[in-house]
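Every value quoted in this text rests on a predicted model; they were computed, and no experiment measured them. When a ligand or atom number is given, it counts from 1 through the structure's own listing order. When a residue number appears, it is its place in the shown sequence, counting from 1.
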Amino acid sequence: MLKFDDQMTRDFIALHEFDAISGQLKVACRELDQRTCPGSDYTGWLDLPNRDNQEELIRVQECAQRLREEIDYLVVIGIGGSYLGARAIIEALSHHFDAHLSEDQRSGPKIVFAGHQLSSDYLYDLIELLRGKRVAFNVISKSGTTTEPAVAFRVLRDALCRDVSEEIFRKRVIITTDRQRGALRRLADEHGLETFVIPDDVGGRFSVLTPVGLLPVATAGIDIDELLDGAASFRDQEAQEAEFLAKPAGRYAAVRTLLVRKGYTTEILGCYEPSMRMFTEWWKQLFGESACKDGRGAIPLGVDFTTDLHSLGQMIQEGPRKFFETIISFKKAHHEVTIPDDGTNLDQLQYLSGTPMSDVNDKAMLGTALAHVAGGVPNMSVTCEKRSAFALGELIYFFERACSLSCLMDTVNPFNQPGVEAYKSNMFALLGKPGHEERRAELERHIAERRIR
Ligand code: PA5
């Protein structure tokens with residue numbers, strides 16, 4: 001069961017400060033659960049652990065099984081909410097050196113990602129890697145019009161599918177998109193491609209428990225039932241506790257909101273397991289795109305510990321006193337490595353002889369939290385049993401709920417992202433996309449005046 005702890009924020013928040021926020025939390029919970037909040041059309045993620053669309057889940061499993069048997073590589077093409085969740089779960093739960101294992105050490109296809117940036121060199125190298133291999137593409141885009149995945153799919157299709165028969169193309173391209181709209185829906189209909197639906201009421205960054213995340217995750221051999229069980233278990237846990245401030249997601253939302261209001265402008269999410277690096281990327285998008293609007297919200301920063309203690313540790317300990325920190329941890333390692341005996345003690349580590357590595361990591365975690373708190377950085381922790389699909393499901397639902405509640409307490413619509421359009425409109429204008437002529441002229445004037453190169 002997931003545990004949330006905020007003991008190490010006590011020096012930074014007085015008890016009476018919870019009085020005012022508890023009322024705001026109660027209202028936020030009611031608005032979210034009764035779906036009367038701003039953006040309520042996008043609260044379908046609350047129900048995803050119910051597995052209402054059983055027929056689609058079975059198709060996801062069957063498609064994943066087929067891909068596991070037939071292909072060498074699955075290329076997941078998507079950006080933002082259409083890729084981060086799948087990548088986070090796959091990296092969190094796969095062998096650390098998956099890409100380097102030999103064929104008999106691993107099972108199922110390798111999963112690679114594309115369409116999450118516009119690098120020419122990245123696509124060139126990917127094509128080089130994939131040529132001559134058995135490749136499938138899962139193209140994921142709710143709008144079906146996002147530039148990065150559309151460009152990647154066009155390039156990869158041209159390079160790798162030009163000579164394949166219509167039958168193979170049909171087997172190798174799987175589309176995850178809107179029920180009715182968009183270019184991908186039209187392509188799927190034209191070629192009779194297998195498609196999965198992103199529900200209308202689920203936005204991109206809340207979509208990891210739909211086929212957006214489930215298909216790539218299942219293709220990687222991860223148990224999606226266990227993932228959904230974890231999300232359902234956390235949802236039920238949160239529903240059970242009586243006091244709003246005793247519910248883990250509610251309390252996390254309340255504490256972080258209080259801290260942000262007191263001037264702690266940057267939240268650090270960290271973990272002492274390197275495979276969780278992409279999970280912090282998923283979390284960064286969740287909070288960055290949901291909560292940072294109208295000049296409000298905390299800057300989300302992801303760290304890998306202890307690695308980043310040797311790069312950002314100084315800044316966290318003694319830099320601007322604007323940080324608060326949330327640490328994800330797991331109670332058990334999958335495999336325990338013990339520090340061996342070495343009587344020469346040249347490395348001065350003999351005092352650790354026979355100590356499990358997990359104990360060393362745990363002490364690093366505790367020592368760091370104590371040091372950071374002493375240095376003025378409030379600390380919270382989220383602990384799960386072990387790094388498993390179940391725990392990832394719990395964490396996803398915990399953070400999605402906490403993020404939504406944080407936004408609502410701050411009177412921010414959690415489910416839109418108006419600011420994302422600004423770069424797109426400039427990029428389209430500069431690229432000469434029809435319909436953007438006026439903006440292009442404005443930008444050209446601006447560039448000339450400021451001598452921007
Ligand atoms: O959270 C979001 O809505 C965004 O991050 C989108 O997922 C991202 O922009 C990709 O959009 P689409 O799935 O329409 O290609």
Take atom CD of Glu438 as the centre, draw a 6.0 Å sphere, and report whether it contains more than 12 heavy atoms from other residues, nucleotides or ligands.
-> no
Does Gly144 reach ligand 1 with a nitrogen or oxygen that is under 3.5 Å from one of the ligand's nitrogen or oxygen atoms?
-> no
From atom 9 (O) of ligand 1, is the closest protein heavy-atom distance below 4.0 Å?
-> no
Within 4.0 Å of some non-hydrogen atom of Thr146, the atoms of ligand 1 are 11 (O), 12 (P), 14 (O), 15 (O)
In terms of atom number and element, which parts of ligand 1 are under 4.0 angstrom from non-hydrogen atoms of Gly80?
-> 5 (O)
Numbering as shown, the atoms of ligand 1 that approach Ser141 to under 4.0 Å (heavy-atom distance) | 12 (P), 13 (O), 14 (O), 15 (O)
Assess whether salt bridge (Lys or Arg N to Asp or Glu O under 4.0 Å) is satisfied between Arg186 and Asp189, documenting all intermediate values.
-> CA-CA 5 Å; Arg186 283 201 303 282; Asp189 291 346; over 6 Å; no
For Ile79, atoms of ligand 1 separated by under 4.0 Å from a heavy atom | 7 (O), 8 (C), 10 (C)
Do we get Arg440 above Phe428's six-membered ring, with its NZ or CZ under 6.0 Å from the centre and within 45° of the axis?
-> no
Ranked by distance from atom 1 (O) of ligand 1, the top protein heavy atom is Arg205 N, 2.9 Å
Pull out every atom of ligand 1 sitting under 4.0 Å from any heavy atom of Gln285, numbered as shown with elements.
-> 1 (O), 2 (C), 4 (C), 5 (O)
For Glu289, counting its heavy atoms only, list the atoms of ligand 1 lying under 4.0 Å from any of them.
-> 1 (O), 2 (C), 4 (C), 5 (O)
For the student: nearest non-hydrogen atoms of Arg261 and Met409, plus distance = NH2-O, 3.0 Å
Starting from atom 14 (O) of ligand 1, which protein heavy atom do you reach first, and at what distance in Å?
-> Ser143 OG, 2.7 Å
Test side-chain contact (heavy atoms from CB on, under 4.5 Å) on Met380 and Ile327 and set out the steps.
-> CA-CA 6 Å; Met380 295 178 265; Ile327 300 297; over 6 Å; no
If you take all heavy atoms of Phe390 and Glu226, which pair is closest and at what distance?
-> N-OE2, 3.3 Å
Closest contact, heavy atoms only, Ser141 versus Ser82 = CA-OG, 4.1 Å
of all protein heavy atoms, closest to atom 6 (C) of ligand 1 is Gly81 N, 3.9 Å
Given salt bridge (Lys or Arg N to Asp or Glu O under 4.0 Å), test Asp410 with Lys293 step by step and report yes or no.
-> CA-CA 10 Å; Asp410 220 7; Lys293 289 167 193 158; over 6 Å; no
